[in-house]
Every structure is written in C-alpha cells, then in structure tokens.
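Report on the structure given below.
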Amino acid sequence: MEPATERIAFFPMDVTYKVVGEKAVVYLFGRTKDGNQIGVVDKNFEPYFYVIPKKGIDIEDKLMKIAVDAPGGKARVVRVEKVKKHFLGKDVEGYKIITQLPRDVPLIREVVKDWDAVELCAEYDIPFWKRYIIDKGIIPFSLVTAEASLSDEKAKVPIFHLSRVSSSEETILEKPKILAFDIETYSPPGRDINHADNAILLVSCYGERLRKVISWKKFPTKTEGMEFVRSEAELLEKFISVINSYKPDILCGYFSDGFDLPFIKGRAEKLKVRLNLGLDDSEVTVERRRLTTADIVGINHVDIYRFIKKALSGTMETGELSLDEVSKELLGEKKIEVDVEELYKIWDSHPEKLGPYAEYNLHDSYLTYKLTEKLLPNILELTRIVGLPLPEMVRVGFSQLVESYILRRAFEMGELAPGLPHDNELGKRNAETYVGGFVHEPKPGLFKDIVVFDFRSLYPSVISSHNIDPGTLCCPCCSDKAPAPIEGGKKKIWFCSKHRGFLPKLIDEIISARVNVLAMLKKEKNPFLEARSYSLKILANAFYGYLGFPMARWYSHESAMATSGYGRFYIKRAISLAESKNFPVIYSDTDSVFLTLSGKTKKDALAFREDINKDLPGIMELEFQGFYPRGIFVSAKVGKFGAKKKYALIDENGILKIRGFETVRRNWSPIAKRVQEEVLGIILKEENPKKAIAHVRDVVEMLRKHQLAIPEVTISTQLTKELKSYENLGPHVAIAERMKKMGIIVSPGAIIKYVVTKGADRIRDRAKMPEEITPKDYDPDYYINNQILPAVERIFEALGYAPEAVLEGKSQEKLGKFFS
DNA sequence: CGTGAACGGGG
DNA sequence: GTGTACGTTCACG
C-alpha cells in the first residue's frame, strides 16, 4: 500500500544523517506548525564536490573510472555533471562529481587533486548535514513546507519520508519550548569536580509550566516540584523522563557544554543508565575537543553561557561572566546565597539542612531559563541570518558565523567556495602578520568631560566603499589606481573599480538589510527586530576579522591589510580634525575617539561630529557613543602590541565603566581585587584621589595589624596537571605536595588555596593552607608588595602619585614613604 | 620575542 | 567524520 503524501509545515531544528545500507539518509527533526514534534527523512540527497579542469581539457571519462579502496567497499563516482560557476572573480567551467557516500568525497578528491589536467577542486570539505541545509535553503527555526508521507519507522516522534521541500518561509518559531536545567554535585576540596569520584546530588529543571528538583536523599523542604528518589541512578532516570515528557525544543544550561551535561553523561555511564534523550532514542554525545560539547539528536542543547560570552561580553559592564553577575546585570536578579563548598559535608552529615540547596538548585535553573528567554530573539535572529543550528551557532566563533553566511550566499550566487587551508598553507598564513588598528596611546591621568565617538561600522564600510575582496585584488584592468594606504607595505595593492567583489556585495546586502530593519523599528518597537539589527551589525563587523583569520576559506592577507590600512587613514583624519577644532584627543583605538570638551559644550562636540561626517565618503559615519563627566586612563604595561585598553569611566548616572582591569583574577587575593574596585570607585565617584590613597593606607594598616580575615588573603590557584610533571614548583604546587603527604587526595583540576606567611624563604616555602594558620601568621609585606600595590599602583601612577622609587623596588622603606 | 602555564564557567 | 579548531594574558628565560 502506497502511503499518502501530505503537505507538512514544520520548523526544522536539527539535522543529522545516517548511512543506511549503501546510502546516506538525512534526518531533520523539528516541530510542526500545530505544535507536534516530528522527524523528516530525506533519502534522495547525494554527496558531491566540484572539479575545475585546466581550460578546454575533457576529463569526464577519466573521472567516471575512479575507484578508491575504502573500508566497507570501494569509493566510486556515481555521476558527473557539467557546471558553470564563479570563483574569486572569474567565470569557470567544470564538473560536479556525485559520489555514493559522504565519506567518498574526500577520498576521491584526494585522487583528483594531483592530476595535471586539474586546476582546482572545490567544496569537498563541507560536512554533509551542512551541505544539505544549504542546498535545500533550510534555515533552523524557519518554517519549511514539505511533501512527505508517514513511515512506520520507530522513534519517539512520528517519522515522515520526504519527497520534496516545496518552500521555506521567513516565519520563525518565536516561542519554542525552553527547559533549563542545573545540577549540584558532591565536591570535596582538593580534587577536581569530576564525575569519576563524585555523585550528582540534586538536579533541577525549570520550564514555563514546570518546576522540578530531584534528590536521592530526603530532607524537609517546601521547594516547589521537589521529588525524592532512592538512588543517583533513579535521579538520572527521573531526569530523562522529565525531559521526555516535557518535550523541549531547547534544553539550556549555564556552562552546560563544559560541565553539567558531560557530568551527567559521565555518571550515566558509570551507573549504567542509558542517557537516551535523543528523539531517535540515541544517547547524548559528548565530544572532548579543546572545548567540550554535548549534543542531543532532535533537541537543541544550548549552553547560554557560551552565547553570552561570545555575543554580549564586549558590551556588558561586568568582567565576570558567572551566572550570578550575568543575572544581576541582564535580569536584575541574583543567585540564592548558600555555601556551595559545604554541600558535600551537609549531604554526608546533616541532610536535614539540604532545603536551601534545593531552592538554590531550582533558582539556578530559573535564572538560566530567564536568561535564555531574554536572549532568545538574539539567538533566533542570528540563526536566521547565518543559518546554523542553535547549538552550533552558540558555540562557534565569529569567523564561523561569517563563513556560514558566505557559504549560503555563495551557493545561491553560483560562487565556488575555496577549500579550508591545509598544513603548509595554514602555517604560511599563521606567519603572515600586518598592522592592525591605530592606537593613540592615552596619557595616564584623570580627565573631565570626556566625549566618545566611534565609527561603528568602520571596517564594513571600508570594505564596501573600496571594493575589498580576494577576487578584486590587484586586477590587471585597474593597475593605474591609487594604492591602498598600507604603512610599510612592500608591494602596491589596489582593488578593481570595474567589477563588484563578492564579499563587498554581501556586505552591502547586510548593511541595506539593516537599514530596512532600522526603518521598521522606527514604526514599531520589537525585540526581534532589535535583535536582527544587532545581529546584522555584528555580522558585518566580523567580515574584516574573517579576511585575516588563517582558517577562513576566503582568507586574504592583502584584503585584511588594506582594510585596516584604510581604517587607520580615516581614524587619523578624524583625530587631526578634532585637534584642529581644539578638542584634545586623549585616547583612540581603531574606530573610537575619546576627546575632552576643554571648556566647550556638548553641543560643540556634536557640531564637530557633523563637520566630520560632512567629509566622509559614502556610508561612513562617526557616531556619538557617550558622555562621561570623569574618567581615568592608566598606562598599560609594555606589551607585545603596545598600549592596551585600560581605563575607567563614570557616566552621568554615576555608573562605572571599567575596561582592562579584569586581570585581577582568582589567583589573586580577594583583598587586592576589592581594594582595586574601591580605589576606582572613590576616584571617579568622589573625585578624591587623596581619599583613595587614605583608603589604601587603611587597608595596609589593617594588614600590618593582622586585622583581615583569612579568606581575604587566601589565593586560589588550580593544579592543572599531575604533581610529578611540574618543572616550576609554584606555591600551589608546594601546598599540593604537602597535602598529599598528609594523606589528602589531590588531583589535576583541584583548586589549591593558600596563604603566604612570614619568613625569609621563597614564597612556596612560606605558603600555608588556610586551615593551618591564624590571621597573625600571614605576611603583611607580601600582601602589600605583591597584591595590593600591583593592583593599584598604575591607577595612582596615572594620578601622579607614584614616585619612581615605588616602581623600581618594592622594599619596605620605599613603600613606607609612599604611603605616609 | 618566544614559550609554558593559568584562567574562564561549573560544584 | 565531506576529520584538524579556545583566546587571551602573564611570568619567565
């Protein structure tokens, strides 16, 4: 009986493939317009790549005869089709080589690439699932109408066999079902939080209409959705069934690629529980590359921390991207305060006190849910533009976002994609450097009435207005053109004036799409439109970095060099114009100018901006970024690339904007970090450097009198490898060795805490565990010279308070002079 | 100036 | 798996 074909409108969310018999079969999972989860199978998509022979040579017969030995059968060419394409500004003719299996593509290309008659092989290195969604025009979360018939294939969801994709639309699934989750684990100190030794104690889930906390020990609690089970294995099974019955489109966690999901997977393996969350009944797959990832077939696992780090960390005030800090800034809510380091003890000895931990666990899921919900427009709009599935889109770098966009447009426009660089090519690219953005180093000091302007789309507008592209580079038809302004460039570089480059075309499209979105936004305020505008902006801005990124397919050293060259040209012109109008420029980096009013008004500054914009070509524009009553600029250490951004500003609402001071991390003592923040606050909010110095002096005094608590002076450093393999024995290594001798287990990953005590020996001999000392034991001199002073000295130096002697040697006498 | 070690998020 | 992939910063030699 022939199954009835029907039209199905659905939102595809995940694509994968399996080799069944002799064929690759593509699976799409998604949700129908009516809200049901389904799978759609396409058995009719064939793997292929392109071969371009040298002009006029026919190699069709030779291609058809290729047979390469491979495990499971020979790799053969199924069919060859003649094609006409474009490649880096040229029209080319060649062949589309269709193979039996995806794995045959690289095998056959390996044979063909060395033939004398072959000019070029292309698109042999595009993953099969990506090839499928590009060729079919399928965008994750965008509505697709397909003709398909219900199959009898067994899975958690009905599986349809697809006969054709008939259309794809702009409509996106704006309200996917989101489920957030979080785990609490048994984590004694002295070892890494690892799933080999430590159990999951609690797991929570939070959805629009779901609250669930599961524990395998009982305790009194009023936590909503609390459920007790008898064992950790049961906890995992319950977790699986919660997800199976909730049927989320998006399963999100905070750092869940790096922690929660791999941990759950590790425990499931140990406890012999099948973590079969996949809609095809497959288990969660954890891949341990440099960065761990966890994926579920048919469900979008989104580590929202990754997205925040990638897309928002640049614009956020907080330097720390912990769930607590991020929630405070984006949601105005914070984590529940419990001492999570004590959890393992309470679990062992006082389970009746676990109630607050259950609340804490659920609240973390709640915050993760809220963050994901809030950022959903940004995630979906970026996905809509670049066409990558959510989990992928969230974790890849900007270069991959750009490349995904370019690949889709290349397919539509008949452009062949250059291959990924191989070994020696990559080495060559890595060695190619060029001058980056122009930096006008700040004169250290405190400044008033700072106005900041920037070229928001400096690089995209440069690429567009100068037609910068690997295919327009040094064309023979325009060799008499004025060269691009490249400082120290050995050879003359120019770009074609007659033919529009492929990448500038794409940039123009993105810019004009954004202009349209901004026009729509003027009529109606809408978070999705705002997110689309932002996505288009960051995508356009990423093209320049992409051109200079060694792994990029459209890598072009000359194009990247020319782009930054024109950028320097325009920013320098803006700086000299500002100076000629008597606005002292105190700092500039790449696309921004910080100037001071020096007696003039904000209106004058805005008028100056108009003057600049009158002289800029095309779409280039200088924008007003902000006004800051006060700001401090600190000289950065002489690094490899000169001065780095290190400044703090305060806006008219009294909000601090601190940049470049986040070097004080967990391997510094809390007191150093605190003093640095307080000093910046006093200087900028109260404009009172003397008070800031007095504050430092107070802290120094407290240190000398041993009035600070041990946690304030505790330094935490992670043990990253086996003790034996350390060549340089830092203080944390010395402590770890002593812990080992005392019978405490220490393993790689452990956070070692120590306090530096008095004595004349090396620091590592004076490092003690916090538990074995009292406040009178710590060494005030160490904390003054190696912690407090380095954290604040450049701030005071900027204010003219640090005498030369303090920076030279940090001996006690010289210090004494400085602080009294 | 190049290299190795550490951090980040999570408990 | 149509295999390759963190990005940055600091101390040290």
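Because the structure is a prediction, the values reported are computed rather than measured.
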Output the single nucleotide from [options] whose closest atom is nearest the side chain of [X].
X: A/Pro127; options: C/dA5, B/dG9, C/dT2; answer: C/dT2
X: A/Tyr305; options: B/dG8, C/dG1, B/dG10; answer: B/dG8
X: A/Glu341; options: B/dG9, C/dG1, B/dG11; answer: B/dG11
X: A/Arg131; options: B/dG11, B/dG9, C/dT2; answer: C/dT2
X: A/His732; options: B/dG11, B/dG9, B/dA6; answer: B/dA6
X: A/Ser322; options: B/dG11, C/dG3, B/dG9; answer: B/dG9

Any base atoms under 4.0 Å from [X], or only sugar-phosphate, or nothing? Heavy atoms, all strands.
X: A/Leu323; answer: sugar-phosphate
X: A/Phe398; answer: nothing
X: A/Glu320; answer: sugar-phosphate
X: A/Tyr254; answer: sugar-phosphate
X: A/Asn198; answer: nothing
X: A/Pro421; answer: base
X: A/Ile126; answer: base
X: A/Glu342; answer: nothing
X: A/Ile183; answer: sugar-phosphate

Any side-chain N or O of A/Lys130 under 4.0 Å from OP1/OP2 of C/dG1? no

Under 4.0 Å between a side-chain N or O of A/Tyr132 and OP1 or OP2 of C/dT2? no

If you measure only the distance, is there a donor-acceptor pair under 3.5 Å linking the side chains of A/Arg131 and A/Tyr48?
yes

Go through the side-chain N and O atoms of A/Tyr186 and A/Asp348 and say whether any donor and acceptor fall under 3.5 Å apart.
yes

Quiz item: With rounding to whole Å, what would you report as the distance between C/dA5 and C/dG1 at their P atoms?
Solution: 10 Å

For this session: Can you tell me, in whole Å, how much space there is between the C1' of B/dG11 and that of C/dG7?
Result: 25 Å

A/Tyr27 six-ring centre to A/Lys18 NZ/CZ under 6.0 Å and within 45° of normal
yes

Q. What do you reckon, is NZ of A/Lys217 surrounded by more than 12 foreign heavy atoms closer than 6.0 Å?
A. yes

Without swapping roles, check the side chain of A/Asp324 against the backbone of A/Lys335 for a donor-acceptor pair under 3.5 Å. yes

